[in-house]
Amino acid sequence: MTVRVGVIGTGMIGQDHIRRLTDVITGARVTAVTDLDAARAAEVAARIGATAVPTGTDLIDSPEVDAVLVTSWGPTHAEHVLNAIAAGKPVFCEKPLATTAEDCLRIVEAERAHGRRLVQVGFMRRFDAGYRQMKEVLAAGSLGTPLIVHCAHRNPTVPDSYTSAMAAQDTAVHEIDVLRWLLDDEIVSAQVITPRATSKRFAHLKDPQIMLFKTANGVRIDLEVFVNCQYGYDIQCETVGEDGLVRLPDPAAVGIRTAGRHSTAVLQDWKGRFVDAFDTEFREWIASVEAGAEPTGPSAWDGYAATVITDAAVRSLETDGQVVTVDMKPRPALYGGTA
């Protein structure tokens, strides 16, 4: 079986995933695309032999589409995901699942009413080899009970359109999701502290930010978000347990010795750092669709949880670092809970 995928949104990330589904992943074919920019959708469709359709609704309803990929503007995600669930079609939605917790809950309730999981959210870190190795170590129990997690998420620069709230909503959201998964624990409070600001930032931006989270089991997490660090794209994670620690490996790079120095290159963007994770993410998603199975990646509930936690972080930022309790609904049985 070849899974026929319809793509809603043909911007940068949409085109990158279309390339992945067309040239990298076996068992999939992009058969339809749509975008608010109809000319761009037509150009992309012509390049890969797909059909450009007028709207997301037309794409979801098409008999030539088995599964839906949503890579459009964030505020449109909820509408497209809800329509895919109504049509009974598997849907992969790039983060955010929705831009409000209320819309995330609408998606959760729609999926519960359908009776099985159809939604996967694009948190690619769970598919990174290093994070998966960390997960295996923690699950084996050799480090004892986790106590503390230290993280850093650094970008060389960001554009003027990047806001202080985006440090949580667009940047830290990846750590928030992957740490919930790594620890198999829920985040219950958030606090954001702003140290001395870098002179390299735009004037409106609070950068860097230190985010402090507490989990239901008492694990303390500190996360440095520094999006104008200048030197590169640098992702760090270390979990300290009672009997040892596990650290995320840096990407493999050759060591260069010259002119009295020993150096290794630092990656400059997220695409280079997580390209293999993206490939694995889509390979596993297509395999689940092909098998008629529920997706195994991040769920609609994970999308909801990430949104609620980032909302709490933004409220803390806006209240000068107050500790904000995460107001999360009980987890439904469909997603491994008891509600």
Side-chain angles (χ1 to χ4, degrees), residues 8-9 13 56-57 60 67-126 163 165-181 183-190 192 211 213 215-216 281 285 294-318 324-339:
I8 301 175
I13 190 67
T57 301
I60 291 166
V68 179
L69 170 58
V70 178
T71 56
S72 53
W73 185 44
T76 69
H77 287 189
E79 173 191 354
H80 298 315
V81 173
L82 286 167
N83 286 342
I85 294 171
K89 293 186 177 182
V91 53
F92 184 109
C93 182
E94 267 301 345
K95 63 92 176 170
L97 174 63
T99 52
T100 68
E102 292 75 18
D103 276 345
C104 289
L105 281 177
R106 288 174 60 210
I107 292 169
V108 166
E109 290 306 316
E111 198 172 43
R112 289 179 72 187
H114 179 75
R116 69 190 298 267
R117 281 190 57 191
L118 290 173
V119 180
Q120 179 165 324
V121 184
F123 291 121
M124 96 300 275
R125 298 243 187 130
R126 299 190 188 196
T163 66
M166 289 171 69
Q169 295 166 338
D170 281 18
T171 301
V173 67
H174 286 289
E175 274 79 16
I176 287 167
D177 177 74
V178 82
L179 291 175
R180 293 178 57 250
W181 172 73
L183 298 171
D184 193 22
D185 199 358
E186 200 53 84
I187 292 172
V188 297
S189 72
V192 180
M211 302 185 184
F213 302 104
T215 75
E281 174 184 48
W285 178 61
E294 294 188 353
T296 57
S299 67
W301 180 258
D302 294 315
Y304 161 71
T307 299
V308 175
I309 296 163
T310 57
D311 284 351
V314 171
R315 286 198 300 275
S316 177
L317 176 68
E318 293 173 345
V324 176
T325 299
V326 174
D327 183 18
M328 195 177 300
K329 304 296 184 184
R331 187 196 298 253
L334 181 64
Y335 309 104
T338 58

Enquirer: May I ask you to say whether R112 pairs ionically with E109, meaning some side-chain N is under 4.0 Å from a carboxylate O?
Expert: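 Here R112 pairs with E109 in a salt bridge, since their nearest N and O are under 4.0 Å apart.
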Enquirer: Do the side chains of D302 and R126 get close enough for a salt bridge, i.e. N-O under 4.0 angstrom?
Expert: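 Yes, D302 and R126 are salt-bridged.
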Enquirer: Which heavy atom in D327 sits nearest to a heavy atom in V308, and how many Å separate them?
Expert: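 Looking at all heavy atoms of both residues, the shortest contact is O-CG1, 3.5 Å.
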Enquirer: Please name the pair of heavy atoms, one in P298 and one in R117, separated by the smallest distance, quoted to 0.1 Å.
Expert: O-NH2, 3.6 Å
Enquirer: So, the side chain of N83 versus the backbone of H80: is there a donor-acceptor pair under 3.5 Å, distance only?
Expert: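 Looks like no, no N/O pair under 3.5 Å.
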Enquirer: Decide yes or no on side chain to side chain contact (heavy atoms under 4.5 Å, CB included) for V178 and F123, but give the supporting numbers first.
Expert: CA-CA 8 Å; V178 82; F123 291 121; over 6 Å; no
Enquirer: About how many Å separate CD1 of I176 and CD1 of I187, when rounded to the nearest 0.5 Å?
Expert: 5.5 Å
Enquirer: Is there a donor-acceptor pair under 3.5 Å between the side chain of E94 and the backbone N or O of I13?
Expert: no
Enquirer: What distance separates S299 OG from I107 CD1, expressed to the nearest 0.5 Å?
Expert: 11.5 Å
Enquirer: Is the backbone of S72 close enough, under 3.5 Å, to the side chain of H77 for a donor and an acceptor to pair up by distance?
Expert: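 Checking the backbone N and O of S72 against the side chain of H77, a donor-acceptor pair under 3.5 Å is found.
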Enquirer: Step by step, would you call D177 with R125 a side chain to side chain contact (heavy atoms under 4.5 Å, CB included)?
Expert: CA-CA 8 Å; D177 177 74; R125 298 243 187 130; 5.9 Å; no
Enquirer: How far apart are the closest heavy atoms of G88 and H114, and which atoms are they?
Expert: CA-CE1, 4.1 Å
Enquirer: Would you say T310's side chain and T307's backbone share a donor-acceptor pair under 3.5 angstrom?
Expert: yes
Enquirer: Counting only N and O atoms by type, is there a donor-acceptor contact under 3.5 Å from the side chain of K89 to the main-chain atoms of I60?
Expert: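 Pair found, side chain donor or acceptor close to backbone of I60.
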Enquirer: Identify which one of I309, V326, T215 satisfies the side chain to side chain contact (heavy atoms under 4.5 Å, CB included) criterion when paired with E186.
Expert: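 Answer after filtering I309, V326, T215: I309.
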Enquirer: For residues L317 and A165, report the shortest heavy-atom separation together with the two atoms involved.
Expert: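 Closest approach of L317 to A165: CD2-N, 4.2 Å.
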Enquirer: Measuring from F92:CZ to E281:CD, what's the distance to the nearest 0.5 Å?
Expert: 3.5 Å
Enquirer: Would you call the rings of W301 and Y335 parallel, tilted or perpendicular, taking 30° and 60° as the class edges?
Expert: parallel
Enquirer: Compare every heavy atom of P332 with every heavy atom of V108, then report the nearest pair and how far apart it is.
Expert: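 Taking V108 first and P332 second, the nearest heavy atoms are CG1-CG, 4.2 Å.
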Enquirer: Without swapping roles, check the side chain of E111 against the backbone of I85 for a donor-acceptor pair under 3.5 Å.
Expert: no
Enquirer: Would the distance check show the side chain of K95 and the main-chain N or O of D170 forming a donor-acceptor pair, the cut-off being under 3.5 Å?
Expert: yes
Enquirer: In Å, rounded to the nearest 0.5 Å, how long is the span from OG1 of T171 to CE of M211?
Expert: 7.5 Å
Enquirer: To the nearest 0.5 angstrom, please state how far the CG atom of L105 sits from the OH atom of Y304.
Expert: 4.5 Å
Enquirer: Considering non-hydrogen atoms only, spot the tightest contact between D103 and T100 and give its length.
Expert: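 It is N-OG1, 3.1 Å.
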Enquirer: So does C93 get a backbone contact from the side chain of T71, meaning a donor-acceptor N/O pair under 3.5 Å?
Expert: no
Enquirer: Just by modelled atom types, is the P75 backbone N or O under 3.5 Å from a matching donor or acceptor in the T99 side chain?
Expert: no
Enquirer: E175 vs F213, test: side chain to side chain contact (heavy atoms under 4.5 Å, CB included). Steps then yes/no.
Expert: CA-CA 11 Å; E175 274 79 16; F213 302 104; over 6 Å; no
